[in-house]
*Asks:* 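A single structure is presented below for examination.
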2 protein chains.
Amino acid sequence: MKEKLKEHIEKLIPLTDDEFSFVLSHFSFEKFKKNDFLIQKGKNVKNCYFIVSGLLKLVYEDKNGKQHIVSFAMEDWWESDFSAYFTKTKAKMSLQCIEDTIAFSISLKNYQKLSTELHKMERFFLKKSNSGHIASQNRILSFLTSNAKERYEQLLKQYPLLFQRVPKTLLASYLGVSRETLSRLSS
Amino acid sequence: MKEKLKEHIEKLIPLTDDEFSFVLSHFSFEKFKKNDFLIQKGKNVKNCYFIVSGLLKLVYEDKNGKQHIVSFAMEDWWESDFSAYFTKTKAKMSLQCIEDTIAFSISLKNYQKLSTELHKMERFFLKKSNSGHIASQNRILSFLTSNAKERYEQLLKQYPLLFQRVPKTLLASYLGVSRETLSRLSS
DNA sequence: TTATAATTGTGATGTTTGTCACGTGTGAAT
DNA sequence: ATTCACACGTGACAAACATCACAATTATAA
């Protein structure tokens, strides 16, 4: 488990063993069951999570109670309701397990402490944040340039495994189309 | 001009005068005319820009030659083709002036140097990147939860001034609808 | 000024997508 | 074994949106 986190960080920033021990001391290790909530809308967001294994959905519920999937979170991903996390406000979204999940969590206090005390980690978080931003921009682009069918095919290509792991309803919700339309696209 | 940048940074991170001088030495000051390109697709992306005044569009051109607006950039914004900038690859998007524009630019080398040598600035960039990520996620949410008319009204509410400054065609391209549909929404 | 291009609105029409409804199959729980 | 929730497909219809075409107005440049 520790190795997973270490290898992940070292893809961007090499760390000595002592440095990694220091890093690790800022995290907690947590296990969750299918359907558990890591973040619940309306509540405080204590942590940001690094997913070791499992699968989650970051979900926004609109005024009509309809659920929209902002993101799937899987192995090697960092996820949270970042807006609520960083500004210490109530969650606007929920983060819920689609499968049993193992994760490391870090509180905002520890995130800031770690950033300050180990410069390398601030650099790591910066790089991660930049790639998150770029990934979101690409998703925006897919909405601008592609119709439902094309977005569906892009998703298939990018995450072929996702297909067998999550119900089509959730894929539809991620793609921004109705369940029925997605069903007709597959045929 | 300098004051604009200083005030902007100090909204997040206080700086001494000496520190700000040091920061400033990493930037260049540039002026652009309407229709000028700051970034051109297919070319290298030398800089990230802080917009002092003016208005720009970050545009992606699809395989059919159709243009899609990923973002408008205006006063107090940071903009670039971040993916190409950070990975030193060719631009997939263009950044072009809609109006005459004044900006500070910073090269990747100086961005990294500044981050390393003045810890505060790495923290500043991290905060900026986080808010950029959050803003993009909100835009994704607007595609998931809202139809063209609602997205149009949200845009109006968020940037009322934009309306008089840019042709409707560009607004339509930002919203992901056709020019004609947008025109009919307004009435 | 004059010519030319860009911007905007609007009608007609077709495509895409959403919604409602129904049926079937599957798996989990009692 | 039976019940019940969930997942999935599909038909019928309505709504949203795109595309093509044309006209009028407003910049812009020669």
Side-chain angles (χ1 to χ4, degrees), chain A residues 33-36 55-57 59-69 72 96-100 140-156 161-187, chain B residues 32-37 55-57 59-69 72 94 96-100 140-156 160-187:
Chain A
K33 290 275 170 195
K34 182 173 172 176
N35 294 325
D36 281 359
L55 183 59
L56 306 99
K57 55 181 180 180
V59 176
Y60 176 83
E61 190 177 326
D62 69 20
K63 50 194 183 259
N64 307 316
K66 204 169 169 182
Q67 306 231 327
H68 303 273
I69 297 204
F72 291 110
Q96 187 180 16
C97 296
I98 297 174
E99 301 173 357
D100 291 0
I140 290 170
L141 261 178
S142 84
F143 278 109
L144 290 175
T145 63
S146 311
N147 61 22
K149 178 153 203 167
E150 291 162 337
R151 292 203 302 279
Y152 167 76
E153 281 156 2
Q154 288 163 19
L155 183 63
L156 256 185
L161 16 93
L162 208 58
F163 219 126
Q164 292 105 33
R165 290 170 80 182
V166 314
K168 304 289 170 66
T169 312
L170 294 185
L171 289 182
S173 167
Y174 177 88
L175 291 170
V177 294
S178 68
R179 183 186 70 76
E180 295 90 336
T181 297
L182 180 63
S183 171
R184 286 185 253 263
L185 290 179
S186 329
S187 50
Chain B
F32 303 93
K33 291 273 170 195
K34 182 174 174 174
N35 293 326
D36 280 358
F37 285 92
L55 183 59
L56 307 99
K57 56 180 180 181
V59 176
Y60 176 82
E61 190 177 327
D62 69 22
K63 49 195 185 259
N64 307 317
K66 202 168 169 183
Q67 306 230 325
H68 303 273
I69 297 203
F72 291 111
S94 298
Q96 188 180 15
C97 295
I98 297 175
E99 300 172 358
D100 291 0
I140 289 170
L141 261 178
S142 84
F143 278 109
L144 290 176
T145 64
S146 311
N147 61 23
K149 178 152 203 169
E150 290 163 338
R151 293 203 302 279
Y152 166 77
E153 281 156 1
Q154 289 161 20
L155 183 64
L156 256 185
L161 17 93
L162 207 60
F163 228 79
Q164 292 106 33
R165 291 169 81 181
V166 314
K168 304 290 169 66
T169 312
L170 294 185
L171 289 183
S173 167
Y174 176 87
L175 290 171
V177 293
S178 69
R179 182 187 70 75
E180 295 91 335
T181 296
L182 179 65
S183 171
R184 285 184 253 263
L185 289 180
S186 330
S187 48

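Numbered from 1 within each chain, the chains take letters A, B, ... in sequence-line order. Computed from a predicted structure; not experimentally measured.
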*Asks:* Just how far, in rounded Å, is P of D:dA27 from CG of B:Asn35?
*Replies:*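 Between P of D:dA27 and CG of B:Asn35: 16 Å.
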*Asks:* Tell me which of B:Gly176 and B:Lys34 sits closer to the 5' end of DNA chain D, going by the nucleotide each one is nearest to.
*Replies:*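 Comparing both residues, the 5'-ward one is B:Gly176.
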*Asks:* For the pair made of CG in B:Leu185 and P in D:dA16, what is the distance, rounded to whole Å?
*Replies:*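 Distance check: B:Leu185 CG to D:dA16 P gives 10 Å.
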*Asks:* With distance as the sole test, does B:Asp100 use its side chain to make a donor-acceptor pair with the main-chain N or O of B:Lys33 at under 3.5 Å?
*Replies:*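 Answer holds: no.
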*Asks:* If we count only N and O atoms by modelled type, under 3.5 Å, do the side chains of B:Ser94 and B:Glu61 hold a donor and an acceptor together?
*Replies:*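 No donor-acceptor contact under 3.5 Å links the two side chains.
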*Asks:* Rounded to whole angstroms, how far apart are CG on B:Leu144 and P on C:dT17?
*Replies:*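 Between P of C:dT17 and CG of B:Leu144: 15 Å.
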*Asks:* With hydrogens left out and only the distance checked, is there a donor-acceptor pair under 3.5 Å joining A:Arg184's side chain and the base of C:dT19?
*Replies:*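 Present.
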*Asks:* Has the side chain of B:Arg179 got a donor or acceptor atom that lies under 3.5 Å from a matching backbone atom of B:Thr169?
*Replies:*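 Answer holds: no.
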*Asks:* Look at the side chain of A:Pro167 and decide which nucleotide, out of D:dA18, D:dC8, C:dT10, has an atom nearest to it.
*Replies:*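 Per side-chain heavy atoms of A:Pro167, the pick is D:dC8.
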*Asks:* Does A:Arg179 get its side chain close enough to the base of D:dG9, under 3.5 Å, for a donor-acceptor pair?
*Replies:*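 Side chain to base: pair found, below 3.5 Å.
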*Asks:* Less than 3.5 Å between a donor and an acceptor, one on the side chain of B:Glu180 and one on the base of D:dC17, is that the case here?
*Replies:*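 Not at all, since no donor on one side and acceptor on the other fall under 3.5 Å apart.
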*Asks:* Just how far, in rounded Å, is C1' of D:dC8 from CD of A:Gln164?
*Replies:*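 Taking CD of A:Gln164 and C1' of D:dC8, I get 16 Å after rounding.
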*Asks:* Identify, between B:Asn147 and A:Thr181, the residue whose nearest nucleotide on DNA chain D lies closer to the 5' end.
*Replies:*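 The 5'-side residue here is A:Thr181.
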*Asks:* Rounded to whole angstrom units, what separation is found between the CG atom of A:Leu182 and the C1' atom of C:dG18?
*Replies:*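 That distance rounds to 13 Å.
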*Asks:* Is it the case that the side chains of A:Gln67 and A:Ser173 hold a donor-acceptor pair, with the cut-off being a distance below 3.5 Å and no angle test?
*Replies:*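 Short answer, no.
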*Asks:* Nearest-Å distance, CZ (B:Phe163) to C1' (C:dT7)?
*Replies:*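 After rounding, the gap between these two atoms is 14 Å.
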*Asks:* Between B:Glu150 (CD) and D:dA16 (C1'), how many Å, whole number?
*Replies:*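 From B:Glu150 CD to D:dA16 C1': 12 Å.
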*Asks:* Has the side chain of A:Asp62 got a donor or acceptor atom that lies under 3.5 Å from a matching backbone atom of A:Asn64?
*Replies:*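 Looks like yes, one N/O pair under 3.5 Å.
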*Asks:* Any side-chain N or O of A:Lys66 below 4.0 angstrom from OP1/OP2 of C:dT19?
*Replies:*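 Yes.
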*Asks:* For the side chain of A:Ser183, counting heavy atoms from C-beta on, which of C:dT17, D:dT10, D:dA18 is nearest?
*Replies:*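 The answer is D:dT10.
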*Asks:* Which whole-number value in Å describes the distance from B:Lys149 NZ to C:dG18 P?
*Replies:*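 Computing the B:Lys149:NZ to C:dG18:P distance gives 19 Å.
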